[in-house]
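Here is how names work: the chains are called A, B, and so on, in the same order as the sequence lines, proteins then strands, and each is numbered from 1.
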Number of protein chains: 2
Amino acid sequence: MAGRTNKKVSEPIEAKSRREILDAAARLLRSQGYKATTLRDIAEEVGIRAASIYYHFESKEEIASTVMNEGVDWVFDAVTATLQHLPASAGINDRVTAAIAAHLNALHKHSDYTSAAMKSYADAPDPVRQLAREHRRRYESIWVRLIDDAVAAGATPPGVSSETLRLAALGMLNWSPEWYRAGRQSIDRLAAEFAAILLR
Amino acid sequence: MAGRTNKKVSEPIEAKSRREILDAAARLLRSQGYKATTLRDIAEEVGIRAASIYYHFESKEEIASTVMNEGVDWVFDAVTATLQHLPASAGINDRVTAAIAAHLNALHKHSDYTSAAMKSYADAPDPVRQLAREHRRRYESIWVRLIDDAVAAGATPPGVSSETLRLAALGMLNWSPEWYRAGRQSIDRLAAEFAAILLR
DNA sequence: CCTACCGATCGGTAGG
DNA sequence: CCTACCGATCGGTAGG
C-alpha cells in the first residue's frame, strides 16, 4: 500500500515496471517455457523481490497470458494493417507476399513475445492455453481466407489443397524463429523466397 | 536388490518395465515439456512408486535423453533406410518425395517420442540439450545433401537458396505434428502435397 | 515495493 | 520394487 499513497506521481514508474516485468518474463518464457520460468527468476532480472511482482500482477498465469497474447496480437495487427493498406491493384500474389513479410517482420520485432507464445503453450495451465488458443485462431483465420483466395486464383502449386498449403505456410513461418538470426539475410528477401516456394 | 536375486528370470519383465516407463515419459514430455513432467506422474502411469523409477534409470535426465534421442534416431533410421533402398533409377524428385514420406511416417509412428524431442528441448537442462543437439544435427545433415542436390538439379523453385528451402522444408515437416490427425488424410498423400510445394 | 513465511511439491537417497 | 524421508524450491499470502 505504501507505494500507492502518491499514485498520480508514480504511475509512469509503475507502467515502466509492468513492462519491464513482461519483457523479462517474455525472455524467460521463450527460452524455458511456462513451468521452468519462476517468479523469482523474473523478479531477479527486474531487480525486485518475487513477492513484489504481486504489486503489478495477480498471478503467474496473468503474466504468461499477457505476454503470449500480446505476442500473437502484434502479429495479427501487423498483418491486418499491411493487407488493409495494400493498393486496390494488388493481386493475390502481392497480398500473400505482403502478409508473409509482415508476419516475419512482426515475429522478429517482438521475437521474445511471439516465441514465448509458442514455447510456453505446451506446458501452460489450461486457462492460459484456452485464452492463447482464441488469440491464435483469430490470427489463423486471416490465413484461411488468404490461402483460399490464392488457391481459387490458381496461383498455388497444382494438386495441393488449400488446407495443406496453409498449414505448410504456417509451419515454414512459425519455425523460422528457431533458426533466423538478424544478420543472416534481410527479412524481406526471406519473405520473397518463402512466397516463391508457396506460389507460382 | 530383491528384484535382482533372480535376474535371469526377471530380465524380460525389467525390459518391459523400462519400455513402459519410457512410453509414459514420452507421452508426458510431449504434452508438458521437461520441467512439468514429474517422476511421480510417470510412475503413476506405470503403476509404481516414484522412487522405484531409480531401479530402472539413474535420473530424470537419463529418461528424457533416452526418449528424445530415440525419437530423433528413429526418424534418421527410417529416412536413411528409405533412401538407401531406392532404385538406382530414382531421380532427385523421387528421392526428396521418398524422404518426406519416410520422415512423416516415422514422425507419426513414434509421435510421442518425436514430439517429445521437440517440445522438451526448450526447457531441458544443458546436458540433455547438448546430447539432443548432436542427434538433431546428424539427422539434418541428410537434408543438407538432399536439398543441395535438388537445387543443383534445378528441381526447386527459382531464386530460392538451398538453405532457405531446407529450413522451409523442415519447418513444414516438423510443424505437422501440431495439426496432423490420423484419419485426416493418408501420410503418403500429404507427402506428395509437400513435395509438390517444394519441387517443380 | 519489502521481510518473513507457509503449504505443496519436486528430484533424489537410505535402507530394505 | 517398496516405505520413509530430506533439502531445495515453488507460487502465493500476511502485514507493513
Structure string for DNA chain D in dot-bracket form, Watson-Crick and G-U at under 3.5 Å, | interchain: ||||||||||||||||
Report the hydrophobic cluster partners of A:Tyr121, with the cluster defined as I, L, V, M, F, W, Y residues connected by side-chain heavy atoms closer than 4.5 angstrom, directly or transitively. A:Met68, A:Val128
In whole angstrom, what separates [X]'s [atom1] from [N]'s [atom2]?
X       : N      : atom1 : atom2 : result
B:Glu44 : D:dC2  : CD    : P     : 13 Å
A:Phe57 : C:dC1  : CZ    : P     : 11 Å
B:Glu58 : C:dG11 : CD    : P     : 17 Å
B:Glu61 : C:dG11 : CD    : P     : 11 Å
A:Asp41 : D:dT9  : CG    : P     : 11 Å
A:Ile53 : D:dT13 : CD1   : C1'   : 15 Å
B:Ile48 : C:dG11 : CD1   : C1'   : 15 Å
B:Ile42 : C:dT9  : CD1   : P     : 17 Å

I need the full list of salt bridge (charged side-chain N to carboxylate O under 4.0 Å, His left out) pairs touching residues 38-56 of chain A, with sequence neighbours left out, sorted by first then second residue. A:Arg27-A:Glu45
Please list all pairs meeting salt bridge (charged side-chain N to carboxylate O under 4.0 Å, His left out) that have one or both residues in residues 132-141 of chain A, counting only residues at least two apart or in different chains. A:Asp73-A:Arg138
With respect to the side chain of A:Tyr54, which nucleotide from D:dT13, C:dC1, C:dG11 is positioned closest? D:dT13
Quick check against the 3.5 Å criterion: does A:Thr114 have a side-chain atom that pairs as donor or acceptor with the backbone of A:His110? yes
Please check: side-chain N/O of B:Asp123 versus main-chain N/O of B:Tyr34, any donor-acceptor pairing under 3.5 Å? yes
Between residues 24-39 of chain A and DNA chain D, which residues have a heavy-atom gap below 4.0 Å? A:Thr37, A:Thr38, A:Leu39
What are the residues of residues 62-71 of chain B, sorted by number, that bring a heavy atom to within less than 4.0 Å of DNA chain D? none
Could you list all N or O pairs between the protein and nucleotides 3-7 of chain D that sit under 3.5 Å apart?
{"unit_1": "D:dT3", "atom_1": "OP2", "unit_2": "B:Arg49", "atom_2": "NE", "d": "2.9"}

How long is the gap from OG on B:Ser65 to NE2 on B:His135, to the nearest 0.5 Å? 8.0 Å
Without hydrogens or angle criteria, can the side chains of B:Ser111 and B:Arg30 be said to hold a donor-acceptor pair below 3.5 Å? yes
Side-chain donor-acceptor pairs of residues 165-178 of chain A under 3.5 Å, sequence neighbours excluded:
{"unit_1": "A:Asn174", "atom_1": "OD1", "unit_2": "A:His103", "atom_2": "NE2", "d": "3.2"}
{"unit_1": "A:Asn174", "atom_1": "ND2", "unit_2": "A:Leu170", "atom_2": "O", "d": "3.3"}
{"unit_1": "A:Ser176", "atom_1": "OG", "unit_2": "A:Leu173", "atom_2": "O", "d": "2.7"}

Excluding sequence neighbours, so at least two apart, what forms ring pair (Phe, Tyr, Trp, His ring centres under 6.0 Å) with A:Phe194? none
Set of residues satisfying ring pair (Phe, Tyr, Trp, His ring centres under 6.0 Å) with respect to B:Tyr180, sequence neighbours excluded: B:His108
Residue list, side chain to side chain contact (heavy atoms under 4.5 Å, CB included) with B:Val96, at least two apart or on another chain: B:Ile92, B:Ile100, B:Leu146, B:Ala150, B:Leu199
Ignoring backbone atoms, establish whether B:Ser59 has a side-chain N or O less than 4.0 Å from OP1 or OP2 of C:dG11. no
Of all the heavy-atom pairs spanning B:Leu28 and B:Thr37, show the shortest one and how long it is. O-OG1, 3.2 Å
Exercise answer: donor-acceptor pairs, residues 77-88 of chain B side-chain atoms, under 3.5 Å, sequence neighbours excluded:
{"unit_1": "B:Thr80", "atom_1": "OG1", "unit_2": "B:Phe76", "atom_2": "O", "d": "2.7"}
{"unit_1": "B:Thr82", "atom_1": "OG1", "unit_2": "B:Ala78", "atom_2": "O", "d": "2.9"}
{"unit_1": "B:His85", "atom_1": "ND1", "unit_2": "B:Ala81", "atom_2": "O", "d": "2.7"}

Heavy-atom side-chain proximity of A:Tyr113 to A:Asp23 below 4.5 angstrom: yes
